[in-house]
Amino acid sequence: MRQSKFFMPTLKETPADAVAKSHQLMLRGGYIRQVTAGVYSYLPLAYRVLNKAEKIMEEEMAKINVPECLMPALLPASLWEESGRMKKYGPEMFRLNDRHDRPSLLGPTHEETFTELIAKNLKSYKQMPISLYQIQTKYRDENRPRFGLLRGREFIMLDAYSFAATRQQLDEQFDDEKQAFENIFKRCGVTVRPVIADSGTMGGKDSTEFQAPAEIGEDTIAVNETGTYAANLEMAQSLDDFKQEPEDPQPLEKVATPNCDSIEKLAKFLNVSATRIVKSILYIADGQKVLVLIRGDKQINEAKLAHVIDADDIHEAQTSDLEALTGSAKGGVGPVKADFADRIIADETVKNLYNVVVGASETDYQFKNANLDRDFKVDEFADIRVANEGELDPVDHLPLKFTTSIEVGHIFKLGTYYTKTMGADFLDQNGKAQPVIMGSYGIGVTRMLSAIVEQNLTDHGIAWPKEIAPFDIQLVQMKMNDDQQTAVAEKLESSLSAKYDVLYDDRKERPGVKFNDADLVGAPIRITIGRKVGDGIVEVKRPSDEKAQEVALNDLDAWIAKELG
RNA sequence: CGGGAAUUAGCUCAGCUUGGUAGAGCGCUUCGUUCGGGACGAAGAGGUCACAGGUUCAAAUCCUGCAUUCCCGACCA
């Protein structure tokens, strides 16, 4: 490809709206342009990278015998009424009506579409296990698209769905997909860590996210130093190493604690450590009043809590409503005689505490010397606390480190939610109807591009991993009016193009301009045809190299072959 | 969805407080000199100052509304 004919509008200055490095570089390098919030045009450079990533995905899916198909993005709302998600999905879904006023939508994901296909066309256990996948554009009307391709309203996703007759088949499909995903990420040059994740409100087991650690990720993952434990912060567990020395129960005592609406103020006012206080917070969970208790030095993890309560929507009760709901304003809510609560859930840290401080269910009053069971009851204990950096992991008891990261993939065993609600049954060996067991596997393809760039930055551009670089080799000719240079460059272009993707910078530009654009293209090899070409010498440089090195034209093929494998 | 900010040339921004015919740098076009990390000089092209009302003799500038975009948070099968 001649660069004079190639379209890559590079920018000298960084557009003000771009914050993430990957976003800046993809704009500056002429990879993408924004059309509207969260919606981008993929210009030739980005499209080449996308195609290469998709080709790798196709190869890896073929290896595990999963065929590709393509579902529509435009879907009838009726399909989603069937699964119950038309209501559940909320404002994130792009909804529209067609000319006959039939409710329609743009697919944010495709469980329903695939499940219906299977429901209508798969009847026997003999046809299973089977999987399908597609690489397709998804639509989600995100509240807040950001960081370029990282979170878009229109984005490209690989989504695979497995259909099994037995749990064991599902397990095998899951393991195959997991291996395929790991191969894909490796070949695409993105470093990922499989982490334990939350599978969301749809249920499902063995939920695993593939997280790419990066500077600007939207997620936080907790990892121990050996990598034997890694979890999304939403789910991360940690050991509680605090142990209170046993004490004899003392009589319950009510004390006034004016203006103590936080644990810090209360601890200071009463001159006790936060570990001697039990914090009580009222949550509204799908309309239920749930009083949640946790030791004063810990924070409540709402994702864990939602799981334990099995609620779709949970939020703290408004401070302004507290008095009406519990009889006391902030700084007094407590578990003693808490008749207002439909349920009382406590974190495990509330166990084995003696003579603690709790709210007295009266504004600005606390009880001292409260004891579990004697003074207050708990319906259920669970791990509902936020893990903190430095705490020990539950597996090898090593300190946890936190890293921001980008969720580039998510796989989990979906089970029978969709197949049951949408009637995807098959006949087993006994002629009995059973719901098909599903697995769900996704890669954010365009998001992965952001992750790759974030992980492969150089001082001036991008160092694309070899398999997905938009070009393998960039030829840079210094003087376009030098016939000798032109002859060598054109010869190299034609010989190398037989085996590699070559971009030949044949523009009448100054060297500085060419070098800077080459840094943005980020090809694994840059070949400079310059003043020493008369001696049969060119220069080669990898994006990560500080300086170029000279190579004789005779040795060039070997050097390239060694480099590109 | 809550909070904050921005919107003036293709890009980065100034001008607004104190109303008076629209500015800079970069980019683009032409010519010349340059030519190994975004050159220099000269001459040009390019703007409904997001949009809609209002105040005023006069609005980029003041007032009201609205739209879009970005940031922080919440949300995110």
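None of the values given here were measured: they were computed from a predicted structure. Each chain gets a letter, A, B and so on, in the order the sequences are listed, and its residues count up from 1.
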| said: Does A:Glu563, at its CD atom, have more than 12 non-hydrogen atoms belonging to other residues, nucleotides or ligands within less than 6.0 Å? | reply: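 Yes, because the 6.0 Å sphere around CD of A:Glu563 holds more than 12 heavy atoms from other groups.
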
| request: Would you please say whether a donor-acceptor pair under 3.5 Å links the side chains of A:Ser162 and A:Tyr441? | output: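 Yes, side-chain donor-acceptor contact under 3.5 Å.
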
Distance between the [atom1] atoms of [N] and [M], in whole angstroms?
N     : M     : atom1 : value
B:G53 : B:G73 : C1'   : 34 Å
B:G41 : B:G27 : P     : 11 Å
B:A22 : B:C16 : P     : 15 Å
B:U55 : B:U64 : P     : 15 Å
B:U34 : B:U21 : P     : 44 Å
B:G23 : B:G46 : P     : 14 Å
B:C1  : B:U48 : C1'   : 35 Å
B:U7  : B:C13 : C1'   : 12 Å

For [N], the Watson-Crick or wobble partner whose two distances fall under 3.5 Å:
N     : answer
B:A77 : none
B:U17 : none
B:A59 : none
B:G27 : none
B:C49 : none
B:A67 : B:U7
B:C40 : B:G32
B:A22 : none

Nearest to the side chain of [X] - [options]?
X        : options             : answer
A:Arg140 : B:U69, B:C35, B:A77 : B:A77
A:Phe147 : B:G37, B:C71, B:U69 : B:C71
A:Thr10  : B:G38, B:A77, B:C71 : B:G38
A:Asn143 : B:U12, B:A77, B:C75 : B:C75
A:Ala16  : B:C71, B:G37, B:U12 : B:U12

| request: Considering only NZ, NE, NH1 and NH2 on the basic side and carboxylate oxygens on the acidic side, decide whether A:Lys178 and A:Asp176 come within less than 4.0 Å. | output: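 No.
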
Figure out the [atom1]/[atom2] separation between [X] and [N], and round it to whole Å.
X        : N     : atom1 : atom2 : result
A:Glu13  : B:G27 : CD    : P     : 9 Å
A:Arg33  : B:G10 : CZ    : P     : 14 Å
A:Glu142 : B:G73 : CD    : C1'   : 15 Å
A:Leu106 : B:A77 : CG    : C1'   : 17 Å
A:Glu92  : B:A77 : CD    : C1'   : 9 Å
A:Asp17  : B:U68 : CG    : C1'   : 11 Å
A:Asp519 : B:G37 : CG    : P     : 12 Å
A:Leu150 : B:C71 : CG    : C1'   : 15 Å

Looking at every strand, decide which applies to [X] at a 4.0 Å heavy-atom threshold: base, sugar-phosphate, or nothing.
X        : value
A:Asn516 : base
A:Met438 : nothing
A:Ile314 : nothing
A:Lys514 : nothing
A:Gln34  : sugar-phosphate

| request: For A:Val19 and for A:Ile529, locate the closest nucleotide of RNA chain B by heavy-atom distance; then report the residue assigned to the nucleotide nearer the 5' terminus. | output: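 The answer here is A:Ile529.
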
| Position toward the 5' end of RNA chain B (nearest nucleotide), A:Gly530 or A:Gly38 |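 The residue mapped nearer the 5' terminus is A:Gly530.
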
| task | Verify side chain to side chain contact (heavy atoms under 4.5 Å, CB included) between A:Met93 and A:Asp141, making sure each step is shown before the conclusion. | result | CA-CA 6 Å; A:Met93 186 152 66; A:Asp141 195 359; over 6 Å; no

| A:Lys138 to A:Phe155 six-membered ring, cation-pi geometry met (6.0 Å, 45°) |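 No, a cation-pi geometry is absent between A:Lys138 and A:Phe155.
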
| Given A:Tyr40 and A:Glu154, is the side chain to side chain donor-acceptor pair (under 3.5 Å) satisfied, shown in steps? | CA-CA 8 Å; A:Tyr40 291 84; A:Glu154 179 187 275; over 6 Å; no

Is the phosphate of [N], meaning OP1 or OP2, less than 4.0 Å from a side-chain N or O of [X]?
X        : N     : result
A:Gln477 : B:G36 : no
A:Arg510 : B:G38 : no
A:Lys12  : B:C11 : no
A:Thr14  : B:U12 : no

Spell out, as yes or no, whether a donor-acceptor pair under 3.5 Å connects the side chain of [X] to the backbone of [Y].
X        : Y        : result
A:Ser405 : A:Pro213 : no
A:Thr419 : A:Ala424 : no
A:Thr458 : A:His460 : yes

| Polar pair under 3.5 Å, donor/acceptor by atom type, side chain A:Arg146, base B:C70 |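 Between B:C70 and A:Arg146, which were checked side chain against base, a qualifying N/O pair under 3.5 Å is absent.
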
| task | Look at the side chain of A:Arg526 against the base of B:G37 and say whether a donor-acceptor pair falls under 3.5 Å; ignore hydrogens and angles. | result |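 Check passes, donor-acceptor contact within cut-off.
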
